**Q** 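The structure under discussion is supplied below as structure tokens; questions concerning it will follow.
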Amino acid sequence: MCGVAGIVATSPVNQQLYDALTVLQHRGQDAAGIVTISNGKFRQRKANGLVKDVFEVRHMHRLKGNIGIAHVRYPTAGSSSAAEAQPFYVNSPFGIALAHNGNLTNVRELTEYVEKHCRRHLNTSSDSEVLINLFAHELGRTPDLTPTPEDIFEAVRAVNSKAHGAYAVVALVIGAGLVAFRDPNGVRPLVFGSRKDENGRTEYMVASESVALDTLGFSLIRDVAPGEAIYITEDGEFHSAVCAETTALKPCIFEYVYFARPDSVMNGVSVYAARVRMGRYLGEKIKREWKDLDIDVVIPVPETSCDIALEISKYLGIQYRQGFVKNRYIGRTFIMPGQKQRKKSVRSKLNAIRSEFKGKNVLLVDDSIVRGTTSGQIIDLAREAGANKVYFASAAPEVRYPNVCGIDMPTSRELIAYGKTNEEIRRLIGADGLIYQDLEDLKKSVREENPKLVEFEDSVFSGKFINDDVNDEYLAYLDKLRNDDAKADHAWVDEVADLELFNGDN
């Protein structure tokens with residue numbers, strides 16, 4: 001999971017892109033990068049670390065230009081190398097920089113195509129590097145010195161015909177402008193908006209979530225449609241076209257459960273409102289199936305589940321209390337690479353307020369249970385604080401399958417629900433009772449605000465993958481890239497990867 005942003009303005013965009021990344025930081029804490037264009041040259045800064053640590057004043061001064069793209073990353077496969085921080089760059093044709101959120105499920109075939117047919121060298125294991133070289137090869141077919149809108153769209157059509165999986169892309173083309181496109185299933189989110197400068201000229205922005213637009217004063221226009229590409233010239237001319245023969249909106253439902261900020265609107269749905277409805281449906285199930293339980297208090301596992309737990313407490317007529325204090329200086333444990341680091345961070349991230357647990361039967365509410373390690377430790381914290389009984393409710397169904405569309409869901413053998421009954425899971429995490437949201441209720445929670453959302457990418461729950469090339473062989477390949485042992489093998493990598501092809505910045 002990553003966050004992307006791009007701006008075409010009439011004034012410098014360096015600070016604006018930085019601000020956009022800070023509000024998208026929840027989508028990736030591993031690395032950050034910005035590329036701008038000034039006087040026909042790319043200017044870049046990217047490195048491992050949080051946004052506030054990657055960009056110093058000297059870097060910001062050098063990121064000149066009125067057009068640029070930005071990226072925050074957490075890795076979905078083996079390496080956390082700074083060499084794989086984005087945006088990526090190729091010098092032919094024209095000069096292209098590209099940032100990508102998602103995962104290509106046919107990356108092995110595309111890698112062979114790019115290396116053997118396109119004769120392009122790949123220097124990392126990132127599928128984003130494959131994607132930029134594929135796009136560059138297709139755009140290189142144009143005979144024009146400056147690509148036309150149709151040249152851009154034809155290149156995106158070719159990419160969409162060859163690339164499988166999920167991707168939301170922002171790119172810069174020297175001498176042309178900003179290009180953004182979304183996969184034909186619209187799995188990963190991408191929105192765009194506009195605003196007027198002080199002289200009435202229109203400026204544009206694209207981003208993974210609408211909250212980034214809000215922060216910078218852009219008005220949300222709409223989502224980039226599945227298979228659509230938008231092209232905004234350096235002079236601010238806007239062009240768009242659907243660049244896929246077959247499209248269908250199948251957004252990732254886990255965005256609404258966990259990843260997206262509650263103040264974002266995605267695919268016409270308020271993330272906050274969707275989570276409130278998740279609480280309502282889960283509350284109905286608890287009332288129906290646990291009506292004989294003596295629950296004294298409903299306590300959320302902060303922060304994503306707070307709105308869900310509050311709605312459950314209202315529906316059940318049971319007191320809602322904040323029982324955990326969160327250390328806001330600790331990152332999101334779900335996206336930390338490596339099980340040891342996740343285990344270590346839970347205790348430093350949460351502390352229980354003993355008076356809210358002592359002698360009570362507690363219903364803990366969390367957004368999901370993935371590996372189960374965090375859930376087990378949180379239940380232990382509740383018991384240590386004096387809870388009499390600890391029940392656990394998950395706003396998402398059982399996560400039984402790995403994610404192949406850009407979320408670092410672990411391999412099947414690392415998922416606590418894989419091949420297990422709910423009773424077995426309950427015993428493993430140490431809860432007195434365990435209840436999961438039904439998948440259909442989760443879908444209704446999102447669909448209620450936008451009935452046009454007929455289908456979702458919900459493979460982590462259902463095992464139904466959007467591409468035919470996701471088979472046992474591919475899942476085994478993914479296992480080698482994503483398991484914690486593989487990530488440990490790459491723990492030595494450097495933290496800064498400014499190759500300084502652009503501005504000699506160290």
Side-chain angles (χ1 to χ4, degrees), residues 253-254 256-258 262 271-272 274-324 326 333-334 346 350 352-353 356-357 360-383 385 387-400 415-417 420-446 458 460-461:
I253 202 165
F254 209 76
Y256 297 92
V257 173
Y258 177 82
V271 175
Y272 169 80
R275 288 177 183 162
V276 170
R277 288 188 290 268
M278 290 175 204
R280 186 182 76 209
Y281 284 115
L282 186 54
E284 290 176 357
K285 184 175 182 180
I286 293 170
K287 190 172 185 178
R288 183 173 64 249
E289 298 187 8
W290 282 4
K291 59 184 178 182
D292 297 329
L293 288 185
D294 184 19
I295 300 172
D296 299 314
V297 63
V298 177
I299 294 178
V301 178
E303 292 179 320
T304 314
S305 61
C306 290
D307 301 322
I308 298 167
L310 181 59
E311 190 68 11
I312 289 173
S313 73
K314 289 180 180 179
Y315 190 83
L316 297 180
I318 297 174
Q319 190 177 43
Y320 169 91
R321 304 291 284 184
Q322 291 280 352
F324 294 105
K326 180 182 178 182
T333 54
F334 175 79
V346 172
L350 295 177
I353 302 173
E356 299 302 329
F357 290 93
K360 297 178 182 178
N361 296 334
V362 178
L363 172 62
L364 296 182
V365 179
D366 206 351
D367 48 66
S368 59
I369 304 173
V370 182
R371 296 169 179 86
T373 306
T374 300
S375 302
Q377 291 186 63
I378 290 170
I379 290 169
D380 289 343
L381 285 174
R383 294 196 189 281
N388 180 27
K389 290 186 177 181
V390 182
Y391 306 108
F392 204 94
S394 169
E398 300 91 324
V399 177
R400 299 189 185 278
L415 294 167
I416 193 171
K420 297 184 183 69
T421 66
N422 285 9
E423 176 58 22
E424 290 172 329
I425 300 168
R426 181 197 67 77
R427 290 199 299 267
L428 284 171
I429 65 174
D432 293 295
L434 173 64
I435 195 164
Y436 283 96
Q437 181 90 268
D438 291 335
L439 181 54
E440 285 307 311
D441 284 343
L442 177 60
K443 292 179 181 179
K444 286 192 291 185
S445 300
V446 180
D458 57 14
V460 296
F461 309 122

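Bear in mind that the values here come from a model prediction, so they are computed numbers and not experimental data. This chain uses plain numbering: 1 for the first residue, then up along the sequence.
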**Q** Is there a side-chain contact (heavy atoms from CB on, under 4.5 Å) between Val370 and Leu415 once you walk through the steps?
**A** CA-CA 6 Å; Val370 182; Leu415 294 167; 3.7 Å; yes
**Q** Keeping to residues at least two apart or across chains, list the side chain to side chain donor-acceptor pair (under 3.5 Å) pairs with something in residues 310-322.
**A** Tyr320-Gln322, Arg321-Glu356
**Q** First locate atom CD1 of Ile299, then atom CD1 of Ile318, and finally report the distance between them rounded to the nearest 0.5 Å.
**A** 12.0 Å
**Q** Can we say Lys285 and Asp441 salt-bridge, meaning some charged N sits less than 4.0 Å from an Asp/Glu carboxylate O?
**A** no
**Q** With rounding to the nearest 0.5 Å, note down the distance linking CG in Leu442 to CZ in Arg277.
**A** 11.0 Å
**Q** Can you check whether Leu350 reaches Ile378 side chain to side chain, under 4.5 Å on heavy atoms?
**A** yes
**Q** Going by an N to O cut-off under 4.0 Å, is there a salt bridge joining Lys443 and Glu440?
**A** yes
**Q** So Val301 and Thr374, do their side chains get closer than 4.5 Å, heavy atoms only?
**A** no
**Q** List the steps, then state whether salt bridge (charged side-chain N to carboxylate O under 4.0 Å, His left out) holds for Asp380 with Arg383.
**A** CA-CA 5 Å; Asp380 289 343; Arg383 294 196 189 281; 5.5 Å; no
**Q** Do Ile369 and Leu434 make a side-chain contact, defined as non-hydrogen atoms from C-beta onward lying under 4.5 Å apart?
**A** yes
**Q** Indicate yes or no: at least one non-hydrogen side-chain atom of Ser375 is less than 4.5 angstrom from one of Phe392.
**A** yes
**Q** Looking at Glu423 and Arg427, is any side-chain nitrogen of the basic one under 4.0 Å from a carboxylate oxygen of the acidic one?
**A** yes
**Q** Report the distance from atom CD of Glu289 to atom CD of Glu284, rounding to the nearest 0.5 Å.
**A** 12.0 Å
**Q** Among pairs that include at least one residue of residues 276-299, which meet ring-ring contact (aromatic ring centres under 6.0 Å, His included), considering only residues two or more places apart or in two chains?
**A** Trp290-Tyr391
**Q** Within the structure provided, determine whether Arg275 and Thr304 are in side-chain contact (heavy-atom separation under 4.5 Å).
**A** yes
**Q** Any side-chain heavy atom of Asn422 sitting closer than 4.5 Å to one from Ile425?
**A** yes
**Q** Please tell me if the side chains of Leu293 and Asn361 come closer than 4.5 Å, counting only heavy atoms from C-beta onward.
**A** no
